[in-house]
Amino acid sequence: GSFAHYRAELDYNFEINEAVAARVVAAYFKDGEFLKDLTGSGSRIYPSLRWAISDKAELLFNGEYLFSDLPIGSFGQGFTLMPAKFRKLFPALDSEADAITALDLDWGMHVSPGGSRGHKDDTLVSKVQFNYNISDELFFRQVLQHRKTDHRRTVFWGGGNTPDTNPADPDNLHGIYKSLGYRWFESEDDVISLVGDLAWEPEFKLGNLDLRPITQIGYSYTDSDSDGVRRAYTVKEELRYFNIAYPNFNAYENHSDALEDGYTLTQNSISSSNNWNVYVNQELKMFEDRLRMLYGWRRSYFDNSFKNRLNGDMTNNEGTAAPSQR
């Protein structure tokens, strides 16, 4: 399709025995965008399993495992130079005297040197659900889910949409220059959540009136941890500036050759959060579900902490939120 997009997918489901069935969906994709040389790729796998333990009980497993190497966003890190047709929409830039407007760049111009066109963006989700029909009117459900996200981004960074001055060419006699920075960022989030509820769904008559009350009592619990690190590297002096009109990114293909030794740690933090919720929902259906009345009550408990490893600062926040009703 558009921008050289393609995706291949496999979907296979099968019975293991009379009580167990499984399904696997797998896919691979690759695509680009309107900016030159920006392509992304990734794979997906969705396994699932259903085990009918008995006539009343079943166990379900679902997985969502997403692995991506995505391009740096058009207007995020990396550096997009707006072409003349766009810049002339703004009075302050509608002038041939404007250094970048005068270059009359095409729409695909994107300053994101070699080696920085992609970043890791993985999400792994596993969910197990147990259902048990205690009777025709009473149901029990328990859900356990684990979610892990892993993001890693490395990019040469060109700053804003205005030219810089190269100290070796202060009058810009040989071109229009931008200075480069280099950033490395990694974050990991790990979340475990539990949900459990008991539901009662009887049906009875009040005279000629059919009534269907549904009572649900349950809880939810979430335990999440987040870890993030950001580093800033200095680009070597001889490579710190490039000509916007004729950028040559070959020198940046090997990051280690383009960067000074060492880095500045600009972020190093960890946070954790624990949240409990208990709730009651009461619903009443009448007139063949044409009228529904609902009441809900919820109360939350939380314990959150944040630590900045750079300076050792630590904050904690715990307590109970006021009950809510609807």
* Asked: Just wondering, more than 12 heavy atoms not from Asn17 lying within 6.0 Å of its CG?
  -> yes
* Value rounded to 0.5 Å, distance of CG in Asp257 from CG in Leu239 -> 9.0 Å
* Fit a plane to each ring of Tyr6 and Tyr28, take the angle between them on a 0 to 90° scale, and name the class: parallel (under 30°), tilted (30 to 60°) or perpendicular (over 60°). => tilted
* To do: Mark yes when over 12 heavy atoms from residues, nucleotides or ligands other than Glu238 sit less than 6.0 Å from its CD; otherwise mark no.
  => yes
* Are Arg212 and Asp289 ion-paired here, with the side-chain N under 4.0 Å from a carboxylate O? -> yes
* Nearest heavy-atom pair of Pro170 and Pro167: which atoms, and what distance? -> CD-O, 3.5 Å
* Is there side-chain contact between Leu310 and Leu265, with at least one heavy-atom pair below 4.5 Å? -> yes
* For side chain to side chain contact (heavy atoms under 4.5 Å, CB included), just list the numbers for Val125 and His146, CA-CA rounded to whole Å, side-chain angles, deciding distance to a tenth of an Å, and then say yes or no. => CA-CA 6 Å; Val125 180; His146 176 240; over 6 Å; no
* From CA spacing to verdict: side chain to side chain donor-acceptor pair (under 3.5 Å), Asn131, Gln129 -> CA-CA 7 Å; Asn131 299 321; Gln129 178 172 324; 3.0 Å; yes
* Return the minimal non-hydrogen interatomic distance between Gly296 and Asn281, and the atom names on each side. => CA-OD1, 3.6 Å
* Is the closest side-chain heavy-atom distance between Asp98 and Arg87 below 4.5 Å? -> yes
* Asked: With the threshold set at 4.0 Å, does a side-chain nitrogen-carboxylate oxygen contact exist between Arg152 and Glu186?
  -> yes
* To do: May I ask you to check whether Asp189 and Ser226 show a side-chain donor-acceptor distance below 3.5 Å?
  => yes
* Structure fact -> What one should report as the nearest heavy-atom pair of Glu137 and Glu203 is OE2-N, 4.3 Å
Residues 298-306, side-chain donor-acceptor partners within the protein, below 3.5 Å, at least two apart:
unit_1	atom_1	unit_2	atom_2	d
Ser300	OG	Asn277	OD1	2.3
Asn304	OD1	Ser273	OG	2.6
Ser305	OG	Ser272	OG	2.7

* Asked: Step by step, would you call Trp276 with Tyr219 a ring pair (Phe, Tyr, Trp, His ring centres under 6.0 Å)?
  -> CA-CA 7 Å; Trp276 272 99; Tyr219 78 94; 5.8 Å; yes
* Quick one: do Lys148 and Asp190 make a salt bridge, cutoff under 4.0 Å? -> no
* Asked: Do any N or O atoms from the side chain of Gln282 and from the backbone of Ile214 form a donor-acceptor pair under 3.5 angstrom?
  -> yes
* **Donor on one side chain, acceptor on other, Gln325 and Tyr295, under 3.5 Å** => yes
* Asked: With a 4.5 Å heavy-atom cut-off, do Lys285 and Arg292 have their side chains touching?
  -> yes
* To do: Would you sort out whether Lys120 and Asp150 count as a salt bridge (charged side-chain N to carboxylate O under 4.0 Å, His left out), showing the intermediate values?
  => CA-CA 7 Å; Lys120 181 180 179 181; Asp150 189 3; 3.1 Å; yes
* Working to the nearest 0.5 Å, report the span between CG of Leu291 and CG of Leu211. => 10.0 Å
* To which residues is Tyr241 joined in a hydrophobic cluster, defined by side-chain heavy-atom contacts under 4.5 Å among Ile, Leu, Val, Met, Phe, Trp and Tyr, whether direct or through other members? -> Tyr177
* Structure fact -> Separation between CZ (Phe185) and OG1 (Thr154), nearest 0.5 Å, reads 12.5 Å
* Structure fact -> Residue set satisfying side-chain contact (heavy atoms from CB on, under 4.5 Å) with Ser68, at least two apart, ordered chain then number -> Phe29, Arg44, Leu70, Asp121
* Asked: If you measure from CG on Asp122 to OG1 on Thr149, what distance do you get to the nearest 0.5 Å?
  -> 9.5 Å
* Could you walk me through whether Met286 and Met293 pass side chain to side chain contact (heavy atoms under 4.5 Å, CB included), step by step? => CA-CA 9 Å; Met286 294 182 292; Met293 293 180 288; 3.4 Å; yes
* To do: Please go through Val25's hydrophobic cluster and name the other residues, only I, L, V, M, F, W, Y counting, with side-chain heavy atoms under 4.5 Å joining them.
  => Tyr46, Leu66
* Asked: In terms of side-chain geometry, is the basic nitrogen of Arg7 or Glu9 positioned less than 4.0 Å from the acidic oxygen of its partner?
  -> yes
* Are Asp210 and Phe204 close enough that some pair of their side-chain heavy atoms sits under 4.5 Å apart? -> no
* Should Trp297 and Pro323 count as side-chain neighbours, where that means a heavy-atom distance under 4.5 Å? -> yes
* What is the minimum heavy-atom distance between Asp169 and His174, and which atoms define it? -> OD2-N, 2.9 Å
* Structure fact -> In terms of heavy-atom contacts, Thr101 and Ala84 come closest through O-CB, 3.4 Å
* Same apolar cluster: Val278 and Val195, side chain cutoff 4.5 Å -> no
* **Sidechain N-carboxylate O distance under 4.0 Å for Asp94, Lys88** => no
* Under a single-linkage rule joining Ile, Leu, Val, Met, Phe, Trp and Tyr whose side-chain heavy atoms are separated by less than 4.5 Å, which residues share a cluster with Leu138? -> Tyr12, Phe14, Ile16, Val20, Val24, Ile45, Leu49, Trp51, Ile53, Leu59, Phe61, Tyr65, Phe67, Leu124, Val128, Phe130, Tyr132, Ile134, Phe140, Leu198, Trp200
* **CA sep, side-chain torsions, deciding dist, call: Thr123, Arg147, side chain to side chain contact (heavy atoms under 4.5 Å, CB included)** => CA-CA 7 Å; Thr123 300; Arg147 179 185 182 92; 3.8 Å; yes
* Report yes if the side chains of Ile192 and Leu144 come closer than 4.5 Å at any heavy-atom pair, otherwise no. => yes
Contacts table for residues 311-318: side-chain donor-acceptor under 3.5 angstrom, sequence neighbours left out:
unit_1	atom_1	unit_2	atom_2	d
Asn311	OD1	Asp313	N	2.9
Asn311	ND2	Asp313	OD2	3.3

* Might you point out which heavy atoms bring Ser179 and Asp164 nearest each other, and give the distance in Å? => OG-OD2, 2.7 Å
* Could you tell me whether Arg290 and Glu288 have a side-chain N and a carboxylate O separated by less than 4.0 Å? => yes
* Salt-bridged, Lys85 to Asp104, with N to O below 4.0 Å? -> no
* **Cation-pi check, Arg231 onto Tyr263 ring (under 6.0 Å, within 45° of axis)** => yes
* Asked: Do Leu173 and Ile176 belong to the same hydrophobic cluster, where Ile, Leu, Val, Met, Phe, Trp and Tyr are linked whenever their side-chain heavy atoms lie under 4.5 Å apart, directly or via other members?
  -> no
* Does Ile100 reach the side chain of Pro163, with side-chain heavy atoms less than 4.5 Å apart? -> yes
* **Residues Arg309 and Asn268: side-chain donor-acceptor under 3.5 angstrom** => yes
* For Arg50 and Glu58, what are the C-alpha separation, side-chain angles and deciding distance, and is it a side chain to side chain contact (heavy atoms under 4.5 Å, CB included)? -> CA-CA 7 Å; Arg50 178 180 183 270; Glu58 70 173 5; 2.9 Å; yes
* Do Asn166 and Arg240 touch side chain to side chain, with heavy atoms closer than 4.5 Å? -> no
